[in-house]
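Only one structure is covered here, and it is reproduced in the block below.
Just so you know, these numbers come straight off a predicted model, no measurement behind them. As a basis for the values below, the full set of heavy atoms in this structure was taken, side chains included, without hydrogen atoms, waters or symmetry mates.
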Amino acid sequence: MPAPEQTPTRPTTADIRRDFLDFFSSRGHTIVPSASLVPGNDPTLLFTNSGMVQFKDVFLGAEKPGYVRAADVQRCLRAGGKHNDLDQVGYTARHHTFFEMLGNWSFGDYFKRDAIAWAWELLTGVWKIPAERLVVTVYHTDDEAHGIWRDVIGVPEDRIIRIGDNKGAPFASDNFWQMADTGPCGPCTEIFYDHGAHIPGGPPGSPEEDGDRFIEIWNLVFMQFDRQPDGRLDPLPAPCVDTGMGLERLAAVLQGVHGNYEIDLFQALIREAAVLTATEDLGNKSLRVIADHVRACSFLIVDGVLPSNEGRGYVLRRIIRRALRHGWMLGVRKPFFHSLVATLDALMGDAYPELRAQRALVERALLAEEERFAETLDSGMRMFDEVASRSVGTIPGADAFRLYDTYGFPLDLTADMARERGMEVDTAGFDAAMEQQRETARAAGKFGGGTTLPAELVARMEPTGFLGYDSLQAGGLEVVALLRDGRPVQRVETGEEAIVFLDRTPFYAESGGQVGDTGELDGKGVSFVVEDTRKFAGQFHGHIGRQRAGALAVGDHVLASVDGKRRATTVLNHSATHLLHGALRERLGTHVAQKGSLVAPDRLRFDFSHFEPISAEALRGIELQVNDEVRADHGVETREMAMQEAIDAGAIALFGEKYGERVRVVKMGGSVELCGGTHVGRTGEIGLFKLVSEGGVSAGVRRVEALTGRAALDHVAAEEARLSEAARLLGGTTAEVTDKLRALLDRQKKLERELEAMKARAASSATADLSAGAVDVDGIKVLAARIEGLDARALRDALDRFKQQLGDAVVLLAGASDGRAALVAGVSGSALGRVKAGELLSHVASQVGGKGGGRPDMAQGGGEDGPALEAALAAVPAWIAARLA
């Protein structure tokens with residue numbers, strides 16, 4: 001087959017995005033912006049890893065968008081959980097952490113015929129891809145799709161490949177898609193591009209399909225079934241279309257190149273990375289890694305993720321450090337990675353304005369992590385020294401993995417450092433710890449989990465009407481569904497735990513940081529205790545609790561009563577959180593953005609982006625500003641408006657929340673936020689606001705906790721009581737506490753210095769006395785002794801003193817505590833070359849049930865304390881004599 005034909009002009013990635021959206025816009029599709037890389041209201045998914053994630057509730061029937069056709073360019077990430085391509089990135093032609101997915105969607109509108117026809121028209125008509133270069137696959141029983149390709153589009157039958165079930169189970173096929181083990185699913189048809197016979201590989205479905213000749217560029221999924229727990233496929237009442245086409249793969253085809261890293265976007269990033277790292281070879285795989293990773297890192301930060309040691313922040317830190325290690329491999333020893341963000345902004349800022357708007361934040365976050373890199377290496381070395389000093393002969397696998405995982409130390413580096421000390425690494429333990437982490441990541445990325453609503457309930461229930469803004473009690477509410485152990489039931493008996501769904505409710509369901517309401521549902525002879533209220537599928541309020549009396553059945557009508565006292569204190573904290581957010585942004589800067597919150601009856605907790613601890617003076621100013629807003633007694637205004645209208649009006653959206661087309665805007669004083677929570681009527685109801693703590697959660701994220709109302713007053717009273725008690729113990733008044741405490745601490749430090757000096761004199765005296773006990777063995781001074789009261793570090797210092805005093809000497813010292821003995825050995829002067837410290841220490845340690853080793857001049861180890869230790873020390877001169885003989 002001839003080499004691929006070139007189009008007259010090669011579209012850029014920006015052109016391709018625009019062409020795709022324009023094409024489907026002209027065919028009645030609503031253009032939807034990319035969702036965040038952090039899935040909204042979906043704790044079961046680590047990252048948005050495909051285009052369908054933001055439409056999950058639509059496919060489940062739990063969300064009704066204001067359109068039936070949509071198209072988008074969705075940013076995706078596969079670097080954690082089930083879909084993790086991190087280790088392959090940079091070393092293959094098409095693996096990425098971050099990628100863009102072009103998609104068009106039909107929610108019960110058009111189906112297979114239109115989806116296939118438009119895909120073919122766009123590829124061959126608009127982008128002029130030669131039809132003979134395209135091969136399509138269909139699910140082996142999908143005769144409808146096969147017929148459309150053959151009879152309507154005109155694809156020759158020998159280029160339409162049926163793909164069967166090849167994974168050992170029905171519908172387990174690359175051409176049958178399902179969201180989870182149950183739920184919406186259906187066949188799919190995939191479009192492949194043939195790069196030509198000069199590239200190794202065979203067509204899909206053949207034994208050589210893993211080659212690089214035939215590359216999938218577009219997948220059209222036809223969701224037409226609802227898979228039941230027993231495996232039965234029930235037809236969906238409104239079949240949907242879900243398509244996905246990787247922008248990077250498509251750009252490679254349209255730009256006449258084979259690998260994704262050869263497209264215009266990556267070439268620009270690679271060239272800039274080469275300049276920053278002074279690398280001449282543009283084909284260097286480290287440059288590919290850096291170019292890929294700057295996209296992933298930048299967009300994760302844009303979407304509210306900052307480096308940390310857990311969860312999504314941990315994945316981000318791993319990606320950053322992988323990029324930085326590749327920079328070190330290229331010889332870079334100063335910050336460079338953050339400088340790539342400017343080039344990324346020039347390439348992608350038009351398509352993603354949020355990147356351009358937060359570019360300074362992204363650069364600052366990356367720079368902070370780069371500056372921490374050198375410190376991390378130093379910290380890792382200190383950790384290794386600590387691990388080695390308490391390990392006997394072998395570095396435990398768990399510690400080696402912690403060095404790798406926390407400090408980025410490769411296993412071979414740890415092994416090299418261990419060998420220098422005559423030690424080895426438990427590689428099996430390292431591998432086990434690595435596999436455990438992978439299992440944890442896979443579990444974190446599993447799609448599903450928790451209590452979910454069965455599809456039949458979602459299909460027949462209407463969204464719960466919320467009455468709780470105006471009232472804490474409402475009657476005549478109908479029980480529309482009951483769940484027990486995750487399954488729908490018609491009746492709940494006394495003592496049983498269940499989830500109750502009503503047509504309307506005054507109970508607030510946990511969201512936006514505000515905890516769910518508690519209270520009671522009552523009827524004639526019926527009482528249900530509500531212990532929590534949560535939102536299911538984004539719109540159904542589930543009342544979680546226990547049947548206290550009687551039996552509750554679907555169709556019953558109840559009186560719902562919210563715990564008013566608990567709601568009232570929660571409301572104070574929620575409104576105070578809004579005022580706190582405004583004060584933080586005004587005092588610290590507009591880079592402050594919410595990263596999480598908890599609004600409970602007893603306190604409020606607020607996490608936000610900031611790169612350094614807040615000074616006591618700044619905290620005082622923030623607290624005063626919030627209390628000024630409280631005393632101003634502003635009225636709290638709420639309005640419903642279109643999402644874009646709210647953003648244009650300056651409303652702040654909250655991190656991790658998913659918003660619909662209509663949003664609720666809450667204004668109090670200078671604070672304007674999107675919020676569905678419950679609030680005070682006037683800010684003066686908050687009474688008093690008191691900050692009680694400030695600290696770091698992770699790199700770039702700070703946390704403050706505060707109290708309001710009566711809880712704040714109780715806290716102030718408790719602090720006063722503690723201050724009075726401290727004054728009494730110090731023998732003064734509360735005004736004198738600081739001076740008296742300072743004088744007490746100064747005295748303590750003086751006593752500690754005197755104690756250390758006495759210990760040093762005692763150790764020096766002990767070593768002087770022991771030196772006289774050294775015996776001469778063939779012209780070498782040999783000393784083997786036990787020294788009480790010295791830790792491992794002091795023992796090594798004593799060893800150095802003995803070597804200096806004795807000259808040509810072999811010294812072995814033991815110190816013991818809690819039944820364990822620490823051992824150090826040293827050789828100096830002419831004894832070097834005749835006796836090895838590591839061999840001596842291994843010999844002695846083996847006699848006391850321990851291990852040890854090290855260099856010829858110094859070694860350390862350990863074992864058990866007891867009679868065997870005394871005997872082993874006494875036998876050292878004879879062992880030396882035998883070695884010399």
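Of all heavy-atom pairs between Ala291 and Ile270, the closest is CB-CG1, 3.8 Å. Scanning all heavy atoms of the two residues, the minimum distance from Val138 to Ala145 falls at CG1-CB, 4.0 Å. For the pair Trp120 and Ala131, the tightest heavy-atom approach, listed with the atom from each and the gap, is CZ2-CB, 3.7 Å. Contact detail for Met223 and Asp242: the closest heavy-atom pair is CE-CB, 3.6 Å. The two residues Asp345 and Leu355 make their nearest non-hydrogen contact at CA-CD2, 4.1 Å. When all heavy atoms are compared, the tightest approach of Ala70 to Phe55 is CB-CZ, 4.5 Å.
Just one of Tyr110, Phe20, Trp105 meets the ring pair (Phe, Tyr, Trp, His ring centres under 6.0 Å) condition when paired with His29; it is Tyr110. Of the candidates Phe222, Phe111, Phe107, Phe111 is the only one forming a side chain to side chain contact (heavy atoms under 4.5 Å, CB included) with Pro239.
With rounding to the nearest 0.5 Å, the separation of CZ in Arg288 from CG in Asn260 is 9.5 Å. Rounding to the nearest 0.5 Å gives a distance of 13.0 Å between CZ of Phe299 and OG1 of Thr48. Note that CG of Leu324 and NE2 of His293 are 10.0 Å apart. Values are rounded to the nearest 0.5 Å. Atom CZ of Arg317 is separated from atom SG of Cys297 by 11.5 Å, given to the nearest 0.5 angstrom. Of the inter-residue distances, the one linking His146 atom NE2 with Thr141 atom OG1 reads 12.0 Å to the nearest 0.5 angstrom. The CG atom of Asp292 sits 10.5 Å away from the NE2 atom of His326 when rounded to the nearest 0.5 Å.
Using modelled atom types and a 3.5 Å distance limit, the side chains of His195 and Asp212 yield no donor-acceptor pair. Remark: the Tyr139 side chain and the Glu190 side chain contain no N/O donor-acceptor pair separated by less than 3.5 Å. The closest side-chain donor-acceptor pair between Trp118 and Asn104, if any, does not fall under 3.5 angstrom.
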Discussion item. Test side chain to side chain contact (heavy atoms under 4.5 Å, CB included) on Thr97 and Arg78; report intermediate values, then the result.
Written reply: CA-CA 5 Å; Thr97 50; Arg78 292 185 179 176; over 6 Å; no
Worksheet item: Could you go step by step and tell me if Leu102 and Ile16 meet the side chain to side chain contact (heavy atoms under 4.5 Å, CB included) rule?
Response: CA-CA 10 Å; Leu102 310 173; Ile16 297 168; 4.3 Å; yes
Discussion item. Let's go through Asp15 and Arg10 carefully: what are the C-alpha distance in whole Å and the side-chain angles of both, what is the deciding distance for salt bridge (Lys or Arg N to Asp or Glu O under 4.0 Å) to 0.1 Å, and is it a yes or a no?
Written reply: CA-CA 9 Å; Asp15 295 333; Arg10 295 182 176 182; over 6 Å; no
Discussion item. Between Thr189 and Asp142, is the side chain to side chain contact (heavy atoms under 4.5 Å, CB included) condition met? List the steps.
Written reply: CA-CA 9 Å; Thr189 182; Asp142 192 358; over 6 Å; no
Discussion item. Could you walk me through whether Leu269 and Ile290 satisfy the side chain to side chain contact (heavy atoms under 4.5 Å, CB included) test, starting with their C-alpha distance in whole Å, then the side-chain angles of each, then the deciding distance to 0.1 Å, before giving a yes or no?
Written reply: CA-CA 8 Å; Leu269 289 171; Ile290 293 166; over 6 Å; no
Discussion item. Under the criterion ring pair (Phe, Tyr, Trp, His ring centres under 6.0 Å), I'd like the reasoning laid out for Tyr193 against Phe214: C-alpha separation, chi angles, the key distance, then a yes or no.
Written reply: CA-CA 6 Å; Tyr193 179 79; Phe214 293 88; 9.3 Å; no
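A salt bridge does not link Arg113 with Glu144: none of the charged nitrogens is closer than 4.0 Å to a carboxylate oxygen. One finds no salt bridge joining Glu157 and Arg162 here, because no Lys/Arg side-chain nitrogen approaches an Asp/Glu carboxylate oxygen to under 4.0 Å. Using a 4.0 Å cut-off between a side-chain N of Lys or Arg and a carboxylate O of Asp or Glu, Arg75 and Glu354 qualify as a salt bridge. Between Asp234 and Arg232, at least one side-chain N (NZ, or NE/NH1/NH2) sits under 4.0 Å from a carboxylate O, which counts as a salt bridge.
Between Trp177 and Met52, some side-chain heavy-atom pair lies under the 4.5 Å cut-off. Counting only heavy atoms from C-beta outward, the side chains of Phe192 and Pro203 never approach each other to under 4.5 Å. A heavy-atom distance below 4.5 Å is not found between the side chains of Thr13 and Leu347. Contact annotation: the side chain of Arg213 never approaches that of Glu208 to less than 4.5 Å [non-hydrogen atoms, C-beta and beyond]. A heavy-atom distance below 4.5 Å is not found between the side chains of Leu77 and Phe99. Side-chain atoms of Leu122 and Trp218, non-hydrogen and from C-beta on, do get closer than 4.5 Å to each other. Proximity of Leu366 to Ile301: side-chain heavy atoms (C-beta onward) are separated by under 4.5 Å at one or more points. For the pair Val241 and Val221, the minimum side-chain heavy-atom distance is 4.5 Å or more.
A donor-acceptor pair is defined here as one N or O able to donate and one able to accept, closer than 3.5 Å; such a pair exists between the side chain of Ser36 and the backbone of Val38. Without hydrogens or angle criteria, Arg295 side chain to Phe98 main chain gives a donor-acceptor distance under 3.5 Å. For the pair Asn175 (side chain) and Cys188 (backbone), a donor-acceptor distance under 3.5 Å is present. Gln255 contributes a side-chain N or O that, together with a main-chain N or O of Pro11, makes up a donor-acceptor pair within less than 3.5 Å. Put simply, the side chain of Asp303 gets close to the backbone of Leu37: a donor and an acceptor are under 3.5 Å apart. Listed for the Gln74 side chain is no donor-acceptor partner under 3.5 Å among the backbone atoms of Asp72. Side-chain atoms of Thr277 do not come within 3.5 Å of backbone N or O of Gly327 as any donor-acceptor pair. Of the possible polar contacts, one joining the Arg133 side chain to the Asp194 backbone as a donor-acceptor pair under 3.5 Å is found. With hydrogens and angles ignored, the 3.5 Å screen pairs a side-chain donor or acceptor of Gln267 with a backbone N or O of Tyr261. Of the possible polar contacts, one joining the Glu248 side chain to the Glu100 backbone as a donor-acceptor pair under 3.5 Å is found.
Close placement of the Phe266 and His96 rings is indicated, their centers lying within 6.0 Å of each other.
The salt bridge (charged side-chain N to carboxylate O under 4.0 Å, His left out) test applied to Asp264 returns no partner, not counting sequence neighbours.
Judged by the 6.0 Å distance and 45° axis criteria, Arg27 is positioned over the aromatic ring of Phe23.
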